Amino acid sequence: MSDLQMILLLILGSLIIAGLAFYAGRLLYLLKRQKQKEQAFMIELERKQKAKNAHLIMSVQTIAKAIKEEQCELSEGAIRICTMLNNFAGQDDAYAIDYPAFYQLFNGIKDFPTHQAYLDLTSKERGKQDMKRWNLEADVKDKMLVEAATLASFQSNLH
């Protein structure tokens, strides 16, 4: 092999190594950029989740105070608070052990027709549903008022 061929092979090898090094560097740069974007996304997601949780906590406290002061029907309060607590925790009945009266009423009425479906019921059916709801409310009223006092200062360790 002549000197010229050796030099050409050396140059070719150097170009291949330089090309591979450039490609590897580019891949590392793209990976770093992707990780930065992912980290920024996660930070923004966490910020939004904290804001949502703060809003849910404030809403639970406000409705609980309204129940405690008897400015909100027990059924309405149970539906709203249990729904918010479930959304807060990301699962159904997450706080059922802590607030059993709320969940007892909620689980008793959650399948009742509402809005237009309620209006579509006959007056006899509406009366029957209302009577069942009132009886369920009467069964848990005292316990719910105690739980509402606790929920009025609700703070969770989930956020």
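Remember, it's a predicted structure, so these values are computed and weren't measured experimentally. Each residue takes its place number in the sequence, starting with 1. In what follows, every heavy atom counts, from backbone to side chain, and hydrogens, waters and symmetry copies are set aside.
Partners of Met6 by side-chain contact (heavy atoms from CB on, under 4.5 Å), not counting sequence neighbours, listed by chain and number: Met1. Arg80 meets the salt bridge (charged side-chain N to carboxylate O under 4.0 Å, His left out) test with Glu76; sequence neighbours excluded. In this view, Arg33 satisfies the salt bridge (charged side-chain N to carboxylate O under 4.0 Å, His left out) rule with no residue, not counting sequence neighbours.
Rounding to the nearest 0.5 Å places OG1 of Thr62 at 11.5 Å from CG of Leu151. From Leu9, atom CG reaches atom OG of Ser14 across 10.5 Å, with rounding to the nearest 0.5 Å. For the atom pair CD of Glu46 and CG of Asn53, the computed distance is 10.5 Å after rounding to the nearest 0.5 Å. Here Cys82 contributes atom SG and Asp92 contributes atom CG; the two are 10.0 Å apart, rounded to the nearest 0.5 Å. Once rounded to the nearest 0.5 Å, the distance linking CD1 of Ile81 with CG of Leu56 reads 11.5 Å. Remark: Ile57 CD1 to Lys52 NZ distance equals 12.0 Å, nearest 0.5 Å.
The heavy-atom pair separating Met84 from Ser59 by the smallest distance is SD-CB, 3.3 Å. Of all heavy-atom pairs spanning Asn86 and Ala94, the tightest one is OD1-N, 3.8 Å. Of all non-hydrogen atoms in Gly77 and Ile67, the two that sit nearest each other are CA-CD1, 3.5 Å. Contact detail for Ala64 and Ala152: the closest heavy-atom pair is CB-N, 3.6 Å. For Thr122 against Glu125, the heavy-atom pair with the smallest separation is N-OE1, 2.9 Å.
Between Tyr99 and Phe154, the ring-plane angle classifies as perpendicular under the 30° and 60° cut-offs.
By the 4.5 Å heavy-atom criterion applied to side chains, Gln61 and Gln155 are counted as neighbours. Inter-residue side-chain proximity for Thr83 and Phe106 is flagged as met; some heavy-atom pair is nearer than 4.5 Å. With a 4.5 Å cut-off on side-chain heavy atoms, Arg47 and Ile43 do not count as touching. Between Pro100 and Lys143, every side-chain heavy-atom pair lies at or beyond the 4.5 Å cut-off. Here the side chains of Leu145 and Glu70 are in contact, with some heavy-atom distance below 4.5 Å. Under the 4.5 Å side-chain criterion, counting only non-hydrogen atoms from C-beta, Asp139 is not in contact with Leu105. Within the 4.5 Å cutoff, the side chain of Arg133 has no heavy atoms near those of the Lys128 side chain. The side-chain heavy atoms of Leu85 and Phe102, taken from C-beta on, include no pair separated by under 4.5 Å.
A side-chain donor-acceptor contact under 3.5 Å links Glu137 and Ser75. With 3.5 Å as the limit, one finds no donor-acceptor pair spanning the side chains of Tyr103 and Asp98.
The local environment of CD in Glu38 is sparse, with at most 12 non-hydrogen atoms from other residues, nucleotides or ligands closer than 6.0 Å. Atom CD of Gln39 has 12 or fewer neighbouring heavy atoms from other residues, nucleotides or ligands inside a 6.0 Å radius. More than 12 heavy atoms of other residues, nucleotides or ligands shown are found within 6.0 angstrom of CG on Leu27. More than 12 non-hydrogen atoms from other residues, nucleotides or ligands lie less than 6.0 angstrom from CG of Asn135. Summarising the local packing, CD of Gln34 is surrounded by 12 or fewer heavy atoms from other residues, nucleotides or ligands at distances under 6.0 Å.
Under the 4.5 Å side-chain heavy-atom criterion for ILVMFWY residues, a single connected hydrophobic cluster contains both Leu119 and Leu121. Cluster membership for Phe22 and Leu30, using ILVMFWY side-chain heavy atoms within less than 4.5 angstrom, is not shared.
Ionic pairing of Glu147 and Lys68 is not present here: no N-O contact between side-chain nitrogen and carboxylate oxygen is shorter than 4.0 angstrom.
When atom types are taken as modelled, the side chain of Gln5 and the backbone of Ser2 share a donor-acceptor pair closer than 3.5 angstrom. No donor-acceptor pair under 3.5 Å is formed between the side chain of Gln129 and the backbone N or O of Phe112.
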